Number of protein chains: 2
Amino acid sequence: MVSQTLTDDDVDRIFRALADRTRRDIVRRTLTAEASISELAKDYDMSFAAVQKHVAVLEAADLVARIPRGRERIIQGNPEAIRRAQQLLGRFEQIWRGRIDRLDALLAEDPSSAQDH
Amino acid sequence: MVSQTLTDDDVDRIFRALADRTRRDIVRRTLTAEASISELAKDYDMSFAAVQKHVAVLEAADLVARIPRGRERIIQGNPEAIRRAQQLLGRFEQIWRGRIDRLDALLAEDPSSAQDH
DNA sequence: TGTTTGTGAAACCATTTGGTTGTATGTTAA
DNA sequence: TTAACATACAACCAAATGGTTTCACAAACA
């Protein structure tokens, strides 16, 4: 566990980072097996610098770690960050579920208060 | 269920739409209780047109529905879309878990093949 | 040692984003 | 039937995004 409480800026960065297919693919790959930036870059139809930028966006969102190893930088996907993002969406679900629960409670509690909407 | 198989563009739109705090707030609110665009706009420090644009982004990602009612447009959060987004992240988790499982299997299967990495 | 390889970083560019204002149009209410 | 309200939409703008090329530099190799 690192910081637990995410700011709005943190959440912005996480979803923004996930909103690009190349970056999602990099996360997927490095979650399975770490790779250097140039290894990653080989598989995408863009320059090394472009891939490097994508990695920087992912690192800023803490979705990957960039670990120096000799002249290389090894990229590792961060499963904890994915889990945190999932929990963020889980809160939305809870909010929705909460609405249903309140509605149920209202209807159960006082049937005479039922109104059409 | 609507389309089930999301394209890369669909996923791009979903995460992009969630990468803005105003839009996340609109989703939260309209998941709890539907509201017209002008009702929403009252609570944000920006123009009506700006809120209208945010709603359009959310609608394009299918995170909210825009339902005409008289002269108003009622915005409803779409819990199904949230769930789909959560499942997308769930797949990442599975990928990571799969890596661990394969590693465990490898180590369990043939201890002599263990190597440092 | 010199050369290749891997990375970092700057400058640049087109497009998208997130905001604005202004105008038009449909809908409800007096 | 006006007036007020809710929305739609266009034009505009600054800043961010996603890409490029180029140059610098450190690490590994022949």
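Keep in mind that what you see is a predicted model, and the values were worked out from it rather than measured. Just so we're on the same page: letters track the sequence lines, and every chain starts at 1.
When the options B:V27, B:T32, B:L31, B:T30 are evaluated for a side chain to side chain contact (heavy atoms under 4.5 Å, CB included) with A:W96, the one that passes is B:L31. Checked options A:R69, A:R66, A:R29, A:R73; the residue passing with A:E34 is A:R69 (criterion: salt bridge (Lys or Arg N to Asp or Glu O under 4.0 Å)).
For the 3.5 Å distance criterion, the side chains of A:T22 and A:D25 fail to qualify, holding no donor opposite an acceptor.
In this entry the distance linking CZ of A:F48 with P of D:dC23 reads 17 Å, nearest Å. In this structure, A:I37 atom CD1 and D:dA26 atom P are separated by 17 Å, rounded to whole Å. If you measure from atom CZ of A:R71 to atom P of D:dC29, you get 6 Å, rounded to the nearest angstrom. Rounding to whole angstrom units, CZ of residue A:R69 and C1' of D:dA26 are separated by 18 Å. Rounded to whole angstrom, the span from the CG atom of B:D20 across to the P atom of D:dA15 amounts to 18 Å. Distance, A:E72 CD to D:dA28 C1': 10 Å, rounded to whole Å. Taking atom NE2 on A:H54 and atom C1' on D:dG19, their separation rounds to 8 Å, with Å as the unit.
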- [ ] Applying side chain to side chain contact (heavy atoms under 4.5 Å, CB included), run through B:L18 and A:L89 and close with a yes or a no.
- [x] CA-CA 10 Å; B:L18 289 170; A:L89 296 177; 3.8 Å; yes

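Protein chain B touches strand DNA chain C; the 5'-most and 3'-most nucleotides with an atom under 4.0 angstrom of its non-hydrogen atoms are C:dT17 to C:dT28.
Using a cut-off of 4.0 Å between Lys/Arg side-chain N and Asp/Glu carboxylate O, B:R21 and A:D9 are scored as salt-bridged.
Regarding contacts with the backbone of D:dA8, a side-chain N or O of B:R73 is found under 4.0 angstrom from either OP1 or OP2. Within the 4.0 Å cut-off from OP1 or OP2 of D:dA8, at least one side-chain nitrogen or oxygen of B:R66 is found. The side chain of B:S36 contributes no N or O atom lying less than 4.0 Å from OP1 or OP2 of D:dA6. Between D:dG18 and A:R16, a contact under 4.0 Å exists linking OP1 or OP2 to a side-chain N or O. At the phosphate of D:dT7, OP1 or OP2 sits under 4.0 Å from a side-chain N or O atom of B:S38. For D:dA8, the OP1/OP2 oxygens have a side-chain nitrogen or oxygen of B:Q52 closer than 4.0 Å.
Taking only side-chain atoms of B:A49, from C-beta outward, the nucleotide of D:dC29, D:dT20, D:dC9 with the closest atom is D:dC9.
A chain of hydrophobic side-chain contacts below 4.5 Å, direct or via other Ile, Leu, Val, Met, Phe, Trp or Tyr residues, connects A:L58 to A:M46. If you chain together hydrophobic residues whose side chains sit under 4.5 Å apart, B:I74 and B:L40 never meet in one group.
Mapped onto DNA chain D by nearest heavy atom, B:E39 and A:K53 fall at different nucleotides, with B:E39 at the one closer to the 5' end.
Nucleic acid contact class of B:T22 (heavy atoms, under 4.0 Å, all strands): none.
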